[in-house]
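These notes concern the structure reproduced below.
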Amino acid sequence: MIDFKKEIADVLSRKMETMNEKEILDMIEIPPNPQMGDFAFPCFKLAKAFRKAPNAIAQELSETIGQSELFEKIQNEGPYLNFFIDKRTYAKTVIEDVLYQGEKFGSSQLGAGKKVIVEYSSPNIAKPFHIGHIRTTVIGHALKKIHQFLGYETISINHLGDYGTQFGKLIVAFNNWGNAAEVEAEPIPALLKLYIKFHEEAEKNPTLEDEARLWFKRLEEGDEEALKLWQWFRDESLKEFNRVYDMLGIEFDSYAGESFYSDKMPRVLEIMEKKGLLKESKGAEIVDLEPYGMPPALIRKSDGSTLYITRDIAAAIYRKEHYDFYKNIYVVGAQQNLHFQQWIKIIELMGNAWAKDCIHVPFGMVALEEGTMSTRKGRVVFLEDVLRKAVERTKEIIAAKSPNLEDKDEIAKQIGIGAVVFQELSNSRIKDYTFSWDKTLTFDGETGPYVQYTHARASSLLRKAEVDFKEGADYSLLSNEDAMHLIRMIQQFPSVIEDAGRKYEPSIITRHIVDVAQAFNKFYHDCPIIVEDKELQRARLSLVYAAKQTIQNGLDLLGISAPERM
RNA sequence: GUUUCCGUAGCUCAGUAGGAUAGAGCAACUGCCUCCUAAGCAGUAGGCCGUGGGUUCGAUUCCCGCCGGGAACACCA
């Protein structure tokens, strides 16, 4: 595809020898209104160097740049130099690019030869998979797909919370009040009940906490009874998690959780020791981070056992040695900002220059209308319930609107689950939000079903096509504003993907495919596609195809299906 | 208390590596299915971009203060 920005930068750089093409390229922007042009070059920054008013510079440039086939016109408006791309060229370039690339449209080789680790989801064993887990799960999955699309090799890791004092608690609870049959029958609810019970009892009897710590220490030392229970809890929990992952269409390359690193800790402690990082404090060992404006990091408890942070350090070192990553990305809630700052700093202090390649991608909290979610208090909304209800709701709508649809159940699944995922990926990661059934089950406006519906509409048109639109369309027939607006949206898709990757922000893609869908629906509404005039039909269908493919590629990156009918 | 994030239309949110008139969706009101899927399209209404300074030719965007809200801050993860 012709890179319009680059062409413009090329033209401009020949006129201004003091600036290199890269600088110019970065200055080129898209005007707020298409009537102002397709691309704009603001001249403010040149004022000093040229000792002239920006307006005058823009005017001079507009007069000296010769016409070419690429541009319909180049004109200045105040301090801006506005470029109008020849409409036929614009349409042809964009549509043919999509035709040629298909499912690859928007992809790049930016990350070729580089390996990126994405850690996400990471639920705690023996605890329910609730609505609070959806963010890390779907954001992480999207980031993995985005990086793949940008040419990176990716490794997805589900860093299971399968270790820690919580297992001591569970063992204590199971031994005191547990019942094997109950756990076999309904593992997570039974284990959750035990967990809640433990906390209730521990409030009355604090020695239970010590007992739990002792059991965890035994587990760390390889005690047989502890290990057996732990393995059992883990297996049963994973079965349940996989049910949700199946619904979401998510798989991981590795399930190496916290326990995986349990034997890699001593070496890490040794290095820290050697570097003189460890300090004794109140019987425990810490790293003093005061010089870096952070509270101290507790590395080893007074009873000798390790903590979360030690395991994260060990995990990062292991991953560097094992995968030699270009980037090591963690999709973990913003509550853990300090934790990440601390351990990444410690990695750096241990002498690892790659510490800067460990990237925490934080996101905001999910609350319920009745308050913060709390597993201990049993105040949770299960993710599986949310997904199931969304599918049920979709079935009702299909029954009302498309009673003759084939494969109703499969499509309802695609739409219902897609709606939940889409909503999750529509807002900036960092914002907190309150879960609401109402909002989750609404399918109008800027929602997943809206975008999927648009895709289905486009697909329907392509099925009805009476001409071969894949070749030789007369793109000058697409010069009306509705068509051009849609073409511009499609043109922006590749740079949107890059932006989303650079910012670790899938919502940029979500937002953009809504824009594409809106532009398509307007075009659809105003311009009949299957018309008598076969040349016009061919041209319009080619644009329908490009829009459909763009939406499909966008949805795919978000981990959402694009049904052909609905 | 310290650190950190957030504050844009009634509600939910875009927009900001400084740039032209701040945009959607929902809710409200009004139109459009003898016409390719109305899960749609169009229109009306709705804004001191929390607030006060500063930097700049230019600030919703950057810096500082204040107000309001969230989160984190040693033997949990």
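A note on names: the letters A, B, ... follow the listed sequences, proteins ahead of strands, and every chain is numbered from 1.
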Hey, does the side-chain of [X] have a donor or acceptor N/O within less than 3.5 Å of a partner on the base of [N]?
{"X": "Ser302(A)", "N": "rC75(B)", "result": "yes"}
{"X": "Ser281(A)", "N": "rA74(B)", "result": "yes"}
{"X": "Asp444(A)", "N": "rA38(B)", "result": "no"}

Between [N] ([atom2]) and [X] ([atom1]): distance, integer Å:
{"X": "Tyr524(A)", "N": "rA38(B)", "atom1": "OH", "atom2": "P", "result": "5 Å"}
{"X": "Leu338(A)", "N": "rC76(B)", "atom1": "CG", "atom2": "C1'", "result": "15 Å"}
{"X": "Gln341(A)", "N": "rC73(B)", "atom1": "CD", "atom2": "P", "result": "13 Å"}
{"X": "His130(A)", "N": "rA77(B)", "atom1": "NE2", "atom2": "P", "result": "17 Å"}

For [X], report the nucleic acid contact type (base, sugar-phosphate, nothing); a contact means any heavy atom under 4.0 Å.
{"X": "Ile529(A)", "value": "base"}
{"X": "Gly164(A)", "value": "sugar-phosphate"}
{"X": "Asp499(A)", "value": "nothing"}
{"X": "Asp26(A)", "value": "nothing"}
{"X": "Pro31(A)", "value": "base"}
{"X": "Gln518(A)", "value": "sugar-phosphate"}
{"X": "Lys282(A)", "value": "base"}

| field | Row check, Tyr292(A) ring normal vs Lys345(A) NZ/CZ: under 6.0 Å, within 45° | value | yes
| remark: Scanning both residues in full, the closest heavy-atom pair of Lys408(A) with Ser402(A) reads CE-O, 3.9 Å
| note | Scanning both residues in full, the closest heavy-atom pair of His159(A) with Ala315(A) reads CE1-CB, 4.2 Å
| said: At less than 4.0 Å, is any side-chain N or O atom of Tyr450(A) found next to OP1 or OP2 of rA24(B)? Yes or no. | reply: no
| Is any side-chain nitrogen or oxygen of Lys301(A) closer than 4.0 Å to OP1 or OP2 of rC76(B)? | yes
| Gap in Å between the two P atoms, one belonging to rG50(B) and one to rC11(B), rounded | 14 Å
| Once you round to the nearest 0.5 Å, how far does CG of Leu191(A) lie from CD1 of Ile125(A)? | 10.0 Å
| remark: Looking only at rA14(B), rA71(B), rG70(B), the nucleotide nearest the Asp432(A) side chain is rG70(B)
| task | Answer with yes or no whether the side chains of Asn521(A) and Tyr453(A) bring together a donor and an acceptor at under 3.5 Å. | result | no
